[in-house]
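Only one structure is covered here, and it is reproduced in the block below.
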Amino acid sequence: MPKKILIINTGGTLSSVKSSKGLVPGMRSDDMLEELRMVSRNLELETEDFCSLDSANIGPKDWSGLAEMIARKSYDYQGIVVIHGTDTMAYTSSMLAFMLQNIAIPVVITGSQLSIANPVADALENCRCGIHMAASGYPGVFVAFNRKVILGCRASKVRTMSFDAFESINYPYVGEISSLGLRVYERNLIAKKGIFRPQTAYSDKVALLKLYPGINPDILDMFYEKGYKGIFIEGFGLGGMPFINNDFIGRVGEMVEKGMLVLVGSQCRYEGSNLMVYETGRLAIEKGVIQAYDMTAEAAITKLMWVLGQTDDIREMKEYFSVNIAGEVNIG
């Protein structure tokens with residue numbers, strides 16, 4: 001029997017059509033089915049529409065609903081492909097990695113830089129990679145793009161127009177398509193650690209703050225007063241923050257004392273943070289911040305959302321950040 005693969009459409013460039021307002025998601029999944037069958041020989045494809053949105057309009061509520069849908073469908077298919085806009089694809093794939101940890105089938109998110117209706121688009125090639133990774137039998141959440149397969153919580157969009165728009169950050173590729181076909185590197189996969197139980201609760205009371213020289217620490221008070229429960233701060237270099245003149249670290253410590261979860265990483269895309277190297281980092285650790293290590297910004301902010309949805313106990317929150325849940329971090 002051929003493997004059954006489900007294609008879930010959420011919109012994005014791949015399914016876009018021209019309109020007087022520019023490109024907008026317009027094709028339904030069944031409109032794309034005939035072309036998708038061209039790259040899925042010997043597989044049985046079925047399609048379903050979750051939504052039809054530019055990915056800039058997809059947020060936490062959609063992630064939760066999509067995860068619940070995938071969880072329900074996962075028992076009826078050997079793999080699932082999610083068609084998604086590229087702009088926020090890495091956020092979606094990261095959150096799905098947390099919400100769907102230990103899922104028993106491959107879940108592959110893909111999209112394109114040009115609509116599938118365009119004859120020179122990358123859409124079919126990306127779908128080919130996504131569909132065959134979904135049929136591979138290797139469980140987990142992945143991103144397929146430009147003949148590469150990336151762990152879902154390690155993907156990041158690094159180019160706006162090129163077909164090689166996504167890279168795997170601080171982690172090797174999970175698979176690649178070459179003249180040898182689709183090769184999956186089993187050593188880079190994340191082993192199941194327990195039974196599959198979707199965990200779709202989240203909190204959207206989180207913020208992401210990129211530091212710049214001269215930043216006023218008062219901005220932290222604004223987040224606290226608005227009821228934010230957690231914040232991911234992208235510090236300088238290895239994670240440094242100012243503590244002379246504008247004592248940003250001192251104000252961070254006040255937020256921690258008030259019960260806010262503060263996660264600190266680096267603005268640098270590669271190699272991650274290490275708060276134990278310089279005085280500025282050690283002062284931050286003393287104030288109670290949590291290290292993001294080598295997480296992507298997308299993984300850090302979605303993990304923060306997800307952790308805050310799992311517990312109200314600050315000790316348990318810190319425990320979640322001390323472990324690698326879905327391959328998102330190398331704690332060292």
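When reading the values below, keep in mind they use all heavy atoms of this one structure, side chains included, and skip hydrogens, waters and symmetry mates. FYI, the numbering just counts along the sequence from 1.
Cluster annotation: V329 and L275 are assigned to distinct hydrophobic clusters (Ile/Leu/Val/Met/Phe/Trp/Tyr, side-chain heavy-atom contacts under 4.5 Å, transitive). L238 and M295 fall into different hydrophobic clusters, defined by Ile, Leu, Val, Met, Phe, Trp and Tyr side-chain heavy atoms under 4.5 Å apart, directly or through other members.
Side-chain atoms of N188 come within 3.5 Å of backbone atoms of Y173 as a donor-acceptor pair (strictly under, hydrogens ignored). The backbone N or O of M241 lies less than 3.5 Å from a partner atom in the side chain of T280, making a donor-acceptor pair. With hydrogens and angles ignored, the 3.5 Å screen pairs no side-chain donor or acceptor of D49 with any backbone N or O of C51. Between the S64 side chain and the T200 main chain, a donor and an acceptor come within less than 3.5 Å of each other. Remark: the backbone N or O of G65 is not paired with any side-chain donor or acceptor of E68 at under 3.5 angstrom.
Atoms CE and CG, from M305 and L208 in turn, are 9.0 Å apart once rounded to the nearest 0.5 Å. Interatomic distance, CD1 of I249 versus CD1 of I233, reported as 9.5 Å (0.5 Å rounding).
At a cut-off of 3.5 Å, with distance as the only test, no side-chain donor of E328 or Y171 sits close to an acceptor on the other residue. A donor-acceptor contact under 3.5 angstrom links the side chains of S156 and E298, judged on distance only. For the residue pair E254 and Y224, no side-chain donor N or O sits within less than 3.5 Å of a side-chain acceptor on the partner.
Ion pair R282/E279 not flagged as a salt bridge, since none of the NZ, NE, NH1 or NH2 atoms sits closer than 4.0 Å to an Asp/Glu carboxylate oxygen. Ionic pairing of E167 and R159 is present here: one or more N-O contacts between side-chain nitrogen and carboxylate oxygen are shorter than 4.0 angstrom.
A 6.0 Å sphere centred on NZ of K210 holds no more than 12 heavy atoms belonging to other residues, nucleotides or ligands. The environment of K61 atom NZ is sparse: at most 12 non-hydrogen atoms of other residues, nucleotides or ligands sit within 6.0 angstrom. Around CZ of F223, the count of heavy atoms belonging to other residues, nucleotides or ligands within 6.0 Å exceeds 12. The environment of CG in N245 is sparse: at most 12 heavy-atom neighbours from other residues, nucleotides or ligands sit within 6.0 Å.
Ring planes of W306 and Y320: perpendicular class, angle over 60° (limits at 30 and 60°).
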